[in-house]
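Each chain gets a letter, A, B and so on, in the order the sequences are listed, and its residues count up from 1. All heavy atoms count here, side chains included; hydrogens, waters and symmetry mates do not.
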2 protein chains.
Amino acid sequence: MEATPAPDAKNSLLKLESQLCFPFYAVSRQLTKAYQPYLQALGLTYPQYLVFLLLWEHQELTVKELGEKLLLDSGTLTPLLKRMEQRQWLSRRRDPRDERSVVVGLLPAGRALEAQVGDIPLQMLAKVNMSPAEVGALRVHLTHILAQLA
Amino acid sequence: MEATPAPDAKNSLLKLESQLCFPFYAVSRQLTKAYQPYLQALGLTYPQYLVFLLLWEHQELTVKELGEKLLLDSGTLTPLLKRMEQRQWLSRRRDPRDERSVVVGLLPAGRALEAQVGDIPLQMLAKVNMSPAEVGALRVHLTHILAQLA
DNA sequence: TAATGTTTGATTGTGCGCAATTAAATTTTA
DNA sequence: TAAAATTTAATTGCGCACAATCAAACATTA
């Protein structure tokens with residue numbers, strides 16, 4: 001009996017509310033939008049903020065390393081990094097040891113931005129109205145899904 | 001003791017791995033990428049697929065209604081719908097009752113696409129390797145977060 | 001070493017996504 | 001009804017995302 005789905009079971013999978021991917025798509029965009037007021041005050045976009053999170057931690061990274069960590073390719077990163085370079089936030093130079101690689105490094109203005117971020121992460125946690133434990137559990141769950149996909 | 005966070009507690013919030021939003025951002029893009037082979041076979045992009053999911057269910061919707069359901073504004077929808085109109089998938093016409101509104105309706109070619117979608121939703125479920133129960137629970141969770149944000 | 005293959009970024013072109021502005025139609029209010 | 005406010009799309013401009021292609025640098029191997 002259960003072997004044959006109900007007549008409209010397949011069709012119900014074609015409803016927007018049935019989709020798992022749409023909530024991801026929508027939440028991702030709404031989260032980015034929630035960052036907007038904070039990041040705009042610093043003149044940053046969300047992907048640029050992600051680049052800074054990595055550089056504040058690692059000082060220097062190649063474009064390849066940035067791409068691996070953010071799951072972005074050079075078609076996205078190269079123009080984005082050039083805009084950040086124009087703002088004197090970071091430097092881009094070829095690695096003398098391997099001229100194929102471009103090393104991205106923090107400049108003083110970029111380093112100084114870290115202090116201005118303040119409690120943005122805490123403000124964002126407040127916006128989603130979740131306990132640290134919930135956030136942690138959800139992040140584990142999402143990271144697991146990411147591993148399935150990437 | 002717990003009142004004062006450890007010296008680097010605040011800094012740890014600035015690591016990419018600590019962020020909740022990055023997994024959302026990454027999973028959303030990887031999910032879209034996972035749809036790619038299926039949708040490309042139909043000549044569809046992922047946002048266009050979402051529009052079809054709504055139109056297959058409702059036949060006709062205004063741009064405003066589409067925007068409310070997908071959380072997208074006219075700056076995104078208008079050019080997207082025009083591209084779909086060029087393909088003869090749908091029609092766009094002003095509502096005679098209220099000339100401010102544009103009604104989007106399925107055309108035969110758009111209706112015919114529904115049959116070609118086949119088991120894409122099932123294939124996608126297989127890709128994330130989750131049980132229907134897990135998917136349902138996660139969707140509820142995400143929808144709740146979405147309500148907090150939007 | 002010379003030829004072949006691989007790695008790494010850059011470039012190009014298309015399609016979102018969204019803030020800000022504009023314009024037209026409608027509704028509300030004085 | 002006339003004026004003001006609101007609603008609804010369209011437009012403009014910018015910044016991602018990403019597929020596809022290209023070119024240069026490096027590594028491998030015959």
**Message:** Expressed as a whole number of angstroms, how long is the span from B:Lys64:NZ to C:dA25:C1'?
**Reply:** 15 Å
**Request:** Could you tell me the separation between the CG atom of A:Leu61 and the P atom of C:dT8, rounded to a whole number of Å?
**Result:** 14 Å
**Prompt:** Any sub-3.5 Å donor-acceptor pair from B:Arg94's side-chain atoms to B:Arg100's backbone N or O?
**Reply:** yes
**Message:** Within the 4.0 Å heavy-atom criterion, would you say B:Thr32 contacts the bases, only the backbone, or no part of the nucleic acid?
**Reply:** nothing
**Asked** What integer distance in Å separates A:Leu50:CG from D:dG15:P?
**Response** 17 Å
**Complete:** From CD of B:Glu99 across to P of D:dA9 the rounded distance in Å is 12 Å
**Request:** Please determine if B:Glu60 and B:Arg93 form a salt bridge, counting it only when a charged side-chain N lies under 4.0 Å from a carboxylate O.
**Result:** yes
**Prompt:** Rounded to the nearest Å, what distance is computed from the CZ atom of residue A:Arg97 to the C1' atom of nucleotide C:dT7?
**Reply:** 18 Å
**Item:** Reading 5' to 3' through nucleotides 10-20 of chain C, protein heavy-atom contacts under 4.0 Å coded B for base, S for sugar-phosphate only, - for none
**Value:** BB---SSBBB-
**Asked** Whole Å only: how far is the CZ atom of A:Arg100 from the C1' atom of C:dT7?
**Response** 4 Å
**Prompt:** Please give, in whole Å, the distance from C:dT28 P to B:Asp98 CG?
**Reply:** 12 Å
**Request:** Please report, rounded to the nearest Å, how far the P atom of C:dT8 is from the CD atom of A:Glu68.
**Result:** 8 Å
**Asked** Between A:Glu68 and A:Lys64, is there a side-chain N and carboxylate O pair less than 4.0 Å apart?
**Response** yes
**Message:** Quick check against the 3.5 Å criterion: does B:Ser131 have a side-chain atom that pairs as donor or acceptor with the backbone of B:Glu134?
**Reply:** yes
**Message:** Below 30° counts as parallel, above 60° as perpendicular, anything between as tilted: where do the rings of A:Tyr49 and A:Trp56 land?
**Reply:** perpendicular
**Prompt:** Is the centre of the B:Tyr46 ring less than 6.0 Å from the centre of the A:Tyr25 ring?
**Reply:** yes
